[in-house]
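Here's the structure we're looking at; comments come further down.
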Number of protein chains: 2
Amino acid sequence: MSSAAAPNARDRILGAAIDLIRREGFAATSLDDLCRQAGVTKGAFFHHFAGKEDLGVAAADFWREGTSALFANAPYHRPADPLARVLAYLDFRRELVRGGVPEFTCLVGTLVQETYDSHPRIRDACAASIFGHAQTLEADIAAAMKKHRVTAAGWTPESLATHTQTVLQGAFILAKAKNDPALVFDAIDHLERYIRFLFKPKKKAAAA
Amino acid sequence: MSSAAAPNARDRILGAAIDLIRREGFAATSLDDLCRQAGVTKGAFFHHFAGKEDLGVAAADFWREGTSALFANAPYHRPADPLARVLAYLDFRRELVRGGVPEFTCLVGTLVQETYDSHPRIRDACAASIFGHAQTLEADIAAAMKKHRVTAAGWTPESLATHTQTVLQGAFILAKAKNDPALVFDAIDHLERYIRFLFKPKKKAAAA
DNA sequence: GACGACATACCAACCGGTCGGTATGTAGTC
DNA sequence: GACTACATACCGACCGGTTGGTATGTCGTC
C-alpha cells in the first residue's frame, strides 16, 4: 500500500503522503517533511504536483487505486453463496486491522474531514474512493437478497453497502480516540450481527 | 452551542474555535483567524490559553460540557419504556441534523483524527466526550434488555452504546464526503433497524 | 539539442508565540 | 475612605522560524 521504496519520485512522494497524512493529518503535513520522508527535494515535488491541493487529490486517487486492487484480489469473492461473500468481506476487513492505528486506518476518511469545506476537489476524490468501494459490494448484497428472498423494507443494496463503510469509518475514529484497535472488531461484530438479522429467513419482515 | 456573542473573551474564543475547527480542521485554524472571528486579540488568547494545544483540550472539554447539557435536557428521556427511550434518542439525533454540514457534525470526531497521534492530551479530551456520552445510553439499553428479556449473545449495553456513536461518527464522515446530510438519516435508519432486531421478541437468539 | 526528471537556492507570507503595557477590579490596612 | 499591593482581563506590536511556492541549474536520454 505504501510504496515506501518505489523507483520513481512520484510514487515515493505519494507513499510518504499516505503515511504522514494518516498520522498527522493533511494540514499538519508540511511539504518539507513530506519530501524528507520521501527522500526527494522540493524541486521533485513541484515537478510532479502543481501544489499541495493537487497532492491531496493525487493521494486520494492513489489510495483508491491501491485499495481497489487490494479488494479486487482478496479471497472473499470465492464463496459461491453471495451472503457468504458479504460476510467474508467483513472477515477480510477484520484481517486488515493489524499493526498500529495509523497503519490500518483509512486515508480518505481522515483527509475528507479536513478538506470537505475548503478543498472540494480533494473532497470529491475522497468520495470517489469511499463510494466507489461501497459500490463493489452492491452486487453481492443484491444477489444475497434475491437468493434468500429478502424483500427490503426501507433499505437497498446501495444503502447497506454504504452503511458498511459508515460503520468502518466510525470505528476508525473511535479506535483513534481510545487508541485501541479492538473497537474496530467490536464495530464489525455489530455490523455482522445486523447483516445476519437482515438475511435471516423469517415469515414476517420488520418495518422501520 | 456556539456562544458566538458571549460576554467574556474565553467563551467567545471557544465558540469561534468550535466553528472554525469543524469547518477547516484544527491545524488549518490559525490563531489569527481564530482571534479575528472571536473579536479578541492575540493577547487575550494567550491570557486564557497556554498555547494552541491547550486550546484544543479546552475546546473538546467545552464541547463535552455543551453537548452533555443538551442531551441531559432533551425530551428523549421521557418515555416510560427504556427501549422507547433508546429509539427516541435516535429520533433526537435525527432532529439535530439541521443546517449545513459544518453545523451539525461533531467537533471531537474531527478533532481527534488530526490529533490522536501527535497530541495525546487533545485525544484524551475527545475520547472523554465521545465515550462519556455513550455511557449515558447504557442504563436505558440495560433496562431495555432486562424488560424485553434479551440475553445478549456477544454484545453488552456498553458495546451497543458505543456502536451508536460509531455509526454517527461514520455517518458524519460520509455526509462530508458527499456533502449530503441525507446520509446521516440513512445511517440512523440502519442503526434503528438493527436495534429493533436486537430487541425483537423471539424464541431463539442469533449467534455471532 | 530538446525534453523529462530531478536538485539547489531562494523568497515572501504566514505561523505560533512573546512581550511590555493598560484598564479595572479587590482585598487589606491605617 | 484613602492608600498600597496585587490580581485579572485584555491589548497590539513584534519576533524568529516555518510554510507553500518559485526560479534556475544540471544531468541523462532520445
Side-chain angles (χ1 to χ4, degrees), chain A residues 3-21 23-60 62 110-111 114-115 117-123 125, chain B residues 3-21 23-60 62 110-111 114-115 117-123 125:
Chain A
S3 48
N8 60 87
R10 188 186 143 92
D11 284 0
R12 278 210 310 280
I13 291 171
L14 288 171
I18 286 177
D19 183 56
L20 284 172
I21 294 173
R23 192 168 259 108
E24 316 262 357
F26 180 68
T29 294
S30 76
L31 298 187
D32 283 330
D33 285 349
L34 181 72
C35 292
R36 196 177 314 124
Q37 175 149 340
V40 301
T41 58
K42 285 273 268 292
F45 177 88
F46 280 98
H47 175 70
H48 289 289
F49 305 98
K52 202 185 181 187
E53 181 180 46
D54 196 47
L55 169 77
V57 175
F62 188 70
T110 303
L111 191 48
E114 284 187 78
T115 57
D117 200 56
S118 44
H119 300 280
R121 287 179 56 229
I122 300 179
R123 182 199 62 206
Chain B
S3 49
N8 60 86
R10 189 187 142 90
D11 285 359
R12 278 211 309 280
I13 291 170
L14 288 172
I18 286 177
D19 183 55
L20 284 172
I21 294 173
R23 193 169 257 106
E24 316 263 355
F26 180 68
T29 295
S30 77
L31 298 188
D32 284 328
D33 285 349
L34 180 73
C35 292
R36 197 177 312 126
Q37 175 148 340
V40 302
T41 59
K42 283 276 264 294
F45 176 87
F46 280 98
H47 174 70
H48 289 288
F49 305 98
K52 202 184 181 186
E53 180 180 47
D54 196 46
L55 169 75
V57 175
F62 188 71
T110 302
L111 190 49
E114 284 186 77
T115 56
D117 199 56
S118 43
H119 299 280
R121 287 179 55 230
I122 300 179
R123 181 198 61 206

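Throughout, protein chains are lettered first and strands after them, A, B, ... in sequence-line order, and every chain is numbered starting at 1. Please read all numbers here as calculations on a predicted model, not as lab measurements.
Looking at heavy atoms from C-beta onward, B:L20 lies out of side-chain contact with B:R23 at the 4.5 angstrom threshold. You'll find the side chain of B:L55 reaches within 4.5 Å of the side chain of B:L14, heavy atoms only.
Judged by a 6.0 Å distance limit and a 45° cone about the ring axis, A:K52 is not positioned over the six-membered ring of A:F45.
Scored by the side-chain hydrogen bond (donor to acceptor under 3.5 Å, both in side chains) test, B:T110 finds A:Q113, B:K176 as partners (sequence neighbours excluded). In this structure A:R10 satisfies the salt bridge (charged side-chain N to carboxylate O under 4.0 Å, His left out) test with no other residue, sequence neighbours excluded. Contacts of B:K42 classified as side-chain contact (heavy atoms from CB on, under 4.5 Å), with partners at least two apart in sequence or in another chain: B:L31, B:D32, B:C35, B:F46. For B:A60, the side-chain contact (heavy atoms from CB on, under 4.5 Å) partners at least two apart in sequence or on another chain are B:V108, B:L111, B:A125, B:C126. When the salt bridge (charged side-chain N to carboxylate O under 4.0 Å, His left out) test is applied to A:R121, the partners found at least two apart in sequence or on another chain are A:E53, A:D54.
The nearest whole Å value for the distance from the CG atom in B:N8 to the P atom in C:dA23 is 22 Å. Between the CD atom of A:E24 and the P atom of D:dT18 there is a distance of 15 Å, given to the nearest Å. A straight line from CG of A:D54 to C1' of D:dG21 spans 13 Å, rounded to a whole angstrom.
Put simply, B:H47 has no side-chain N or O that comes within less than 4.0 Å of OP1 or OP2 on D:dC11. Under 4.0 angstrom from either OP1 or OP2 of C:dA5 there lies no side-chain N or O belonging to A:H48.
At its two ends the helix from C:dG1-D:dC30 to C:dC30-D:dG1 runs along axes set 0° apart, each axis drawn from five pairs and the angle rounded to 10°.
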| task | Could you encode protein contacts along nucleotides 7-20 of chain C as a string, one character per nucleotide from 5' to 3', using B for base contact, S for sugar-phosphate-only contact and - for no contact, with a heavy-atom cut-off of under 4.0 Å? | result | BB------SBBB--
